[in-house]
Each structure stands twice: as C-alpha cells, then as structure tokens.
Amino acid sequence: MTNADRRAARILVVDDEPSMREFLTICLGRAGHTAEAANDGEQALARLDAEPFDLVITDLTMPGMDGMELLRQINARLEPPLVVMITAFATTDTAVQAMKLGAYDYLTKPFKVDEIQVVVQRALERVDLTSENQRLRDELRGVHRLDGMVGRSASMQKVFELVKRVAPTRTNVLIRGESGTGKELVARALHNLSDRANRPFVAVNCGAIPENLMESELFGHVKGAFTGAAQQREGVFVASRDGTLFLDEIGDISLPTQVKLLRALQERTVRPVGGDREHSVECRVVAATNRDLEAAIEAGEFRSDLYFRLDVVQIVLPPLRHRTEDITPLVERFFERLNRELGRNLATITPEALDWFLSYSYPGNVRELENLVERAVALEGSAHLTAANLPTRAVGAPPAAGTMPQLGEDGIELDQAVADLERHLIEAALRRTKGVRRQAAKLLGISFRSLRYRLEKLGIQVGPSARHDDGSPPKAG
C-alpha cells in the first residue's frame, strides 16, 4: 500500500527538542500525513484526550514523564494508538522493555528520512488491518461501534445513526439520559466525527462548579473583576473556539446564569466578568442532562427559551437495563482493557461471571458496569474472571433492595417502575431458558399467551438464535 493509496493519518510527535519536533512534523507532512507536536508527556496526554491520533512517535528520554511512562499510559487507554519509540541511547534492554510494554517499533537517532517513513507506513498499515479485523469480528457478532462506543441493541444503533447524521453540522445538540449512560462519549463522538475534530473539545460539568464561579467559568473574567481575580482568564466559550463546548448537567445552572447563557448562544458573543467589551465566539454547543427539563420548566427552574435553543436535535440514551443485548460486548470490552491496564493476564470470562453480569439491573448504568468489571479483574485470584469477586446475589434474582425504586418525597412513576421490574424478570427467565419462551413462561408462572403479550408490550426481542418454543433448535435453511 503506497502513501497515495491510503488515507491521510493523524500522527502526534512527542519530543522535548524543538529541532526534532520540527524535522519529524515536516517529514511526515510531506508524506501526506497530519503531524502535530507536543513538548512532553503531559502535553501529549492532553492532546490525546482532546482528539484522536492514529500513531504516536515519542522520544524515550524527556524531562518529567519519560517515553516509557508515556507508553504505559497510552496503552492503558480504551483504544490506544500505536507508539513508535525513538532515542539517541539505544540498548538491548530498553528495546526489549519498550516492545514488552506494547511499542510497535523502536528507532535509534540519527535515522534517515526513508527509514522513519517506512516504519510509519508499516505502523499505519497495522492500524488499518487491526481496525478491519475488529470490524469483521464485530459484524459477525452483530456488534456495532462508533468512536469508542459499542452496541448491539437496536436502540443504540439508532443513537449511532443519529450521531453520524448530525455530527457534520453545526447544530446544537441536547443529550438526555440517566447518569452513567455515556453522554460525554456521545458528545465526543459528535466532535470527532465533525470537521471540528482537530479543534478543541472542552467539557464542563455545570453541576460541579459553585454558582458564584459559574459565570467566570463560562465567559471568563478580567483582572481585578472580583476578589481573587489576580489575572485575566478566558472562559470555556473562548477556549473552545472553532471546536465543541460540552455543557454537562446543564439542568443544574441557576436562572440568572441561564439568561446570560441564552444570550451567548443567540448572539454568539460573550462578555467577561468585569469587562466592558464583548468578544465573538464560534463553537458548537452540546449539552447534556439527566433531569426532566420539561418538569423543571413547569416548576420555573429552567427557562423554556434556553431549552429550545439547546434542544435543536435531541439524542436520548436508553438505560442499560433496557438494552441488555449490549451487556456482553461491553463486559468483553472492559475486560480486555482493564486486564491490560491493571497488568493482569486473565484468560477468559467464565460463563458464571457472564451470567452474573447479564442478570444485574445496573442502576448506575454503563459506568457501574465498568466499575464492577474493574473490581472483578483487580481481585481475581485465578486464571479466569469468575463471579467470586462480584457482589453476592443469586443469578437471575430481582435487583437487591438497595437498587429497587424508592418512594421519594416527590412520589414515583409507578407504571415505569413496575415495567422495569417486569422487564428484568422476563429477561432473566429468557436467559435461563436460552430463549425458549414456553419454559420462560412456566418459570414466571404465566401463560405462554401472556408472555407473548408482555414481550410485545415491552419491546423485548428474543433474538434469531433462540430455540423453538418446544426447546428444539431452529432447522437449517
């Protein structure tokens, strides 16, 4: 595959020597790639947080975080780029150590232009081959991926399709879903799949910022604007110029700040706290919330005009308990990453452990699932991931008392709570009977006709691999 045949790649060069950074970025640019540079490991990690790269070329010896530590931290990521190490002080031990830590290759300074270009080309061919192999494996398993997210369920495939359709636009997006469903992952996908991908992605948790600092956080302040304002500071609107501003927990900001945020969105200008001049800003705003904003509007806690300004396109993330088809690919994904990140060498996930994960209701959604996998991987004492270090609870049992819905001061949506419990028990029965509906109905103490009605009402798909209702396997052809 020649340079002309493959896509242009994004490459991050990390070196504390300005001359080497300049040499490599020019060399790679002439080969048709987009090359950007970082002065040290910390800056490199910040760049990797903000935007995706196909390959990292890093020096081994740097002040602060050296190349080996940078390599470790990169390979602990969910989808790490390949890493090529370069150094002027090569030894067999360091080369072996780098390769054991996951480096793709190891070059010694000084090297020729042709040499680095050949190594880069081979590395990028490996990236493409790995990506294609993963795509084919996922296709066989019915799993779909989108910029770090995975899903097999129809509901997540609809989310992926909507993200791909709206990402290239400048339209404001409102992401809704319970805590832990992956709202920031969707926001990053909207950014990474847009023409703003090489510009800043700035995330702000509005619920974590004190009210007296919120205006300064959003719009910045001038020196001396208030006690403690020792120097001028730009806000997140300016910091995300030409990129994407992600306002998480947007429902938690106060009404006075909502007024100012609305004006910034309408006029695309901001005025720093204490300033007398307005500054033009151009960024895409993606907001997210786990609150019922319509109820907040009715209660006078959220402005309807701001809601409609943010809610141009709405993306709703279903809770994990409503898309149980996604649990297995998510468990496998987290297991693969955490097994590597925590330095474990577990071979597989046992069927008993997978049954446990499939039977749980996940009030904390995907974030809770990830934490449970991490706990199990960290504490496992055998060669395989078992259920021994997962919370004690019978497989297929209803959610533990602590996870059951509670009647709060404001009441409860009884129909939804009952539907959630009904869904959980039906899906547990279907898993235990491997999709045989008549046996599942018997376990649940209801008629087969009643089970069919409930499956249709709740939108539960038994799946093409299920056995016939009498337990016999489907006939081929």
Side-chain angles (χ1 to χ4, degrees), residues 1-3 5-17 20-21 23-38 40-45 47-49 51-62 65-137 145 148 333 336-343 345:
M1 183 184 295
T2 66
N3 290 336
D5 293 331
R6 79 177 314 281
R7 60 173 172 78
R10 293 182 52 78
I11 302 174
L12 181 62
V13 175
V14 190
D15 201 303
D16 59 318
E17 296 181 18
M20 181 55 67
R21 292 197 303 271
F23 165 72
L24 286 172
T25 53
I26 291 174
C27 172
L28 295 167
R30 288 176 177 171
H33 305 298
T34 300
E36 301 186 25
D40 53 36
E42 288 80 2
Q43 190 178 97
L45 293 175
R47 295 300 302 274
L48 290 169
D49 286 338
E51 51 194 305
F53 288 89
D54 300 291
L55 179 66
V56 175
I57 302 176
T58 180
D59 191 19
L60 174 62
T61 306
M62 297 182 291
M65 182 186 300
D66 65 11
M68 288 295 189
E69 180 58 28
L70 176 60
L71 175 63
R72 289 189 188 93
Q73 296 208 28
I74 288 175
N75 281 335
R77 291 170 175 256
L78 192 59
E79 292 185 342
L82 287 186
V83 178
V84 172
M85 305 289 290
I86 54 175
T87 183
F89 308 100
T91 67
T92 301
D93 289 344
T94 54
V96 170
Q97 183 184 1
M99 302 302 281
K100 282 185 175 180
L101 289 175
Y104 172 74
D105 210 338
Y106 190 96
L107 294 174
T108 305
K109 300 178 186 176
F111 43 76
K112 297 177 181 179
V113 171
D114 289 346
E115 186 180 4
I116 190 66
Q117 288 183 349
V118 167
V119 170
V120 167
Q121 187 61 35
R122 287 176 179 168
L124 295 175
E125 288 172 0
R126 167 77 71 83
V127 170
D128 288 344
L129 181 60
T130 302
S131 177
E132 179 64 10
N133 287 342
Q134 183 63 62
R135 186 191 68 78
L136 292 172
R137 285 197 300 269
R145 290 176 180 251
R333 182 182 179 86
E336 180 183 349
R337 174 174 64 83
L338 292 165
N339 202 18
R340 181 181 66 245
E341 183 177 323
L342 299 177
N345 193 28

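Note that the structure is a prediction, hence the values are computed from the model and not measured. Residue indices begin at 1 and follow the sequence shown.
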OG1 on Thr34 to CD1 on Ile11, rounded to 0.5 Å: 8.5 Å

Among Val120, Leu82, Leu55, the one residue meeting side chain to side chain contact (heavy atoms under 4.5 Å, CB included) with Tyr104: Leu82

Over all atoms of both residues, closest heavy-atom pair of Cys27 and Val113: SG-CG1, 3.6 Å

Residue pair Gln117 / Ala31: nearest heavy atoms and the distance that separates them: NE2-CB, 4.0 Å

Shortest non-hydrogen contact between Ala9 and Asp54, atoms and distance: CA-OD2, 3.4 Å

Gap separating the CD atom of Gln43 from the CE atom of Met65, nearest 0.5 angstrom: 12.0 Å

Those residues that, when tested against Arg72, pass side-chain contact (heavy atoms from CB on, under 4.5 Å) (two or more places apart): Met68, Glu69, Gln97, Leu101

side-chain contact (heavy atoms from CB on, under 4.5 Å) involving Glu115 - partner list, sequence neighbours excluded: Leu107, Phe111, Lys112

The single option from Asp15, Val119, Thr61 passing side chain to side chain contact (heavy atoms under 4.5 Å, CB included) against Ile86: Asp15

Results of side-chain contact (heavy atoms from CB on, under 4.5 Å) for Val118 - residues two or more places apart only: Arg122

Set of side-chain contact (heavy atoms from CB on, under 4.5 Å) partners for Val56, sequence neighbours left out: Leu12, Val14, Leu48, Thr58, Ile74, Pro81, Val83

Leu45 and Gln73: CA distance, side-chain angles, deciding distance, side-chain contact (heavy atoms from CB on, under 4.5 Å) verdict: CA-CA 8 Å; Leu45 293 175; Gln73 296 208 28; 3.2 Å; yes

Shortest non-hydrogen contact between Ala103 and Met85, atoms and distance: CB-CG, 3.8 Å

Nearest-0.5 Å distance, CE of residue Met20 to CD1 of residue Ile57: 10.5 Å

Residues in side chain to side chain donor-acceptor pair (under 3.5 Å) contact with Asp66, at least two apart in sequence or another chain: none

Results of salt bridge (charged side-chain N to carboxylate O under 4.0 Å, His left out) for Asp16 - residues two or more places apart only: none

Euclidean distance, Leu28 CG relative to Ile26 CD1, rounded to 0.5 Å: 10.5 Å

Any side-chain heavy-atom pair of Pro80 and Arg340 under 4.5 Å: yes

Asp40 CG to Met62 CE distance, which is reported to the nearest 0.5 Å: 7.0 Å

